[in-house]
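Only one structure is covered here, and it is reproduced in the block below.
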Amino acid sequence: MPKFFVSESLYERLRHVALANVDQTCLRLPDGSVISYGGLLEQSRLVASVLVGNGVVQGDRVVTHCEKTPLTLALYLACLQIGAIYVPLNTSYTPTELAYFLDNARPKLYVGGEYLDVVAERGITQLTLDASGSGTLFETAQDANPYEATATQSAEDVAAILYTSGTTGQSKGAMLTHGNLLSNAETLNEIWGFRQDDVLLHALPIYHVHGLFVAVHCVMLSGCSMIFQQKFVVEELLHELPNATVLMGVPTFYTRLLTQAGFDRTRVRNMRLFISGSAPLTEQTFRQFHERTGMEILERYGMSETLMNTSNPLLGERKAGTVGFPLPGVSVRITDDNGNELPNNEIGGIELTGPNVFPGYWRMPEKTAEEFRADGHFITGDMGVKDDEGRISIVGREKDLVISGGLNVYPAEVETAIGDLADVNDVAVIGVPHPDFGEGVVAVVVTDTGEPLDTQRVRGQLKGVLAGFKQPQHVETVAELPRNAMGKIQKNVLRERYQHAFAKGATHA
Ligand code: AMP
């Protein structure tokens, strides 16, 4: 039987591991206190009791808008236990955004700490949970009796809804089933070699696929422990590294670690694995990291709708600039606009199928239909290429593709070339309206020295590296690139900021 076959519910699997490791540390908190598997399971049963007491039944949505606390994790487990659909929201959402999510998800219960008036206006029951773990959820759970029953659920039942970041339009709720979550968790656990003596350094948010499903599931399926940091603070990460064996991070974790003088081979002596994802890891960062630590970062690729799709190998060559091979059971193809598969080494859209792929967007059947081919392949919206070995490289989001003078310019290629130039610390390449070319290429760079780069000089340095049409027609130097919490560069912000770069009368066009 293949590893990814779903034989029992995700909750049952997690509960079995927890029961087999009741005294083992599951979470180590910043104040040095620990929560055992038995303790976390007990807390989640108390929370399940509170949910049931508030009328939450199987299939109801529970929206969480909470900071990262152990109780937030217990709340997730409680939803799995009773078959409620867990809907975590990014804590930085505004009241208007929260209203949109509440109207779309129509939850039975809201747990959070902010904008309670927006929740109350909609007649939704609310419980509070603040950054210290206090609030009415905690208080009611203290007085509850542990809830013992587990809902009967099939692999097809929805376990969670993750809202996409929605930078180009309406945010969509990706429904993830118990089968999606368990199959992906089992695969990752296996291919990354998780063991009971691992210690995962957890500094990611837990409202996102990376920190919640990838990190937490790998830990909880293997019965190992995690150092649970509420937020990413590079000094704290550095401090805890000697106590950990695995780090899962977004590329920003790695670029920030590289700025720290104390980050060296001694610091990582107990580490066996550094994993990166959620945004592209540059070849420069991969190389610098290797030079500094002697270790190669393992890059993988995934998204809210599909969990993890590909990974570089645990054993075997990890290639900078690639996201590795499709996971067992996942099939990846590169296609033209009509969904026809392209030969190896040709750039096209990334489409995939597998037990990890979501069944659709919550209450948006038309959007779902638009993003699936008739044969069931999901159109990821990412563009990439497969080499002859079967490794996948991502060249950018389809919407970020620049078409200049009718020619395709793939931002990742230009970013890699510019990233190799002296004094360049960070770079994003975007396309903005151009009177002659339709779109013109703009490179937004951060320099080591803070000195601005001259467009003509950059073009001169790229001669022989990149064809003329790929070279930036304008270079803008900034102090910092806008990134979201997952380290993704917000190219829509940059496109808006520089939309007039080539307008008639613009000084630099
Ligand atoms: P999200 O749904 O927020 O997790 O975003 C998913 C998107 O992040 C993917 O569709 C990719 O565009 C991007 N992404 C994730 N992992 C990688 C990676 N390793 N390299 C490049 N882009 C990535």
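Small disclaimer: the values here were computed from a predicted structure and weren't measured. We count ligands from 1, going down the list as the structure has it; atoms in each ligand are counted the same way.
Of the protein's heavy atoms, M303 CB, 3.4 Å lies nearest to atom 6 (C) of ligand 1. What sits closest to atom 12 (O) of ligand 1 on the protein, heavy atoms only, is D382 OD1, 2.6 Å. Nearest protein heavy-atom contact of atom 3 (O) of ligand 1 is H208 NE2, 3.1 Å. In terms of protein heavy-atom proximity, atom 13 (C) of ligand 1 is nearest to S278 O, 3.8 Å. Atom 15 (C) of ligand 1 has its closest protein heavy atom at G302 O, 3.3 Å. The nearest heavy-atom contact from the protein to atom 8 (O) of ligand 1 is K488 NZ, 2.9 Å.
Checking only distances, R300 does come within under 3.5 Å of ligand 1, N or O to N or O.
Figure legend: K172 and Y163 shown without cation-pi pairing, the cationic atom not lying both under 6.0 angstrom from the six-membered ring centre and within 45 degrees of its axis. For the pair R272 and F194, the distance from NZ or CZ to the six-membered ring centre is under 6.0 Å and the angle to the ring normal is within 45 degrees.
Each of the following atoms of ligand 1 lies closer than 4.0 Å to a heavy atom of I394: 20 (N), 21 (C), 22 (N). Set against the non-hydrogen atoms of E299, the atoms of ligand 1 under 4.0 Å away are 18 (C), 19 (N), 20 (N).
Minimum interatomic distance between H217 and A185 (heavy atoms only, all atoms of both residues): CB-CB, 3.6 Å. When all heavy atoms of P411 and V402 are compared, the pair lying nearest together is CG-CG2, 4.4 Å. A pairwise comparison of heavy atoms in Q471 and L466 identifies NE2-O, 2.9 Å as the closest pair. Annotation for Q153 and Q81: closest pair NE2-O, 4.2 Å, computed over non-hydrogen atoms. A pairwise comparison of heavy atoms in V445 and L453 identifies CG2-CD1, 3.9 Å as the closest pair.
Ligand 1 lies less than 4.0 angstrom from a heavy atom belonging to V323. Contact analysis puts R397 in contact with ligand 1, with a non-hydrogen atom separation below 4.0 angstrom.
Between D426 and R483 there is a salt bridge, since a side-chain N of the basic residue sits under 4.0 Å from a carboxylate O of the acidic one.
Comparing heavy-atom distances from atom 17 (C) of ligand 1 across S393, S304, A279 singles out A279 as nearest.
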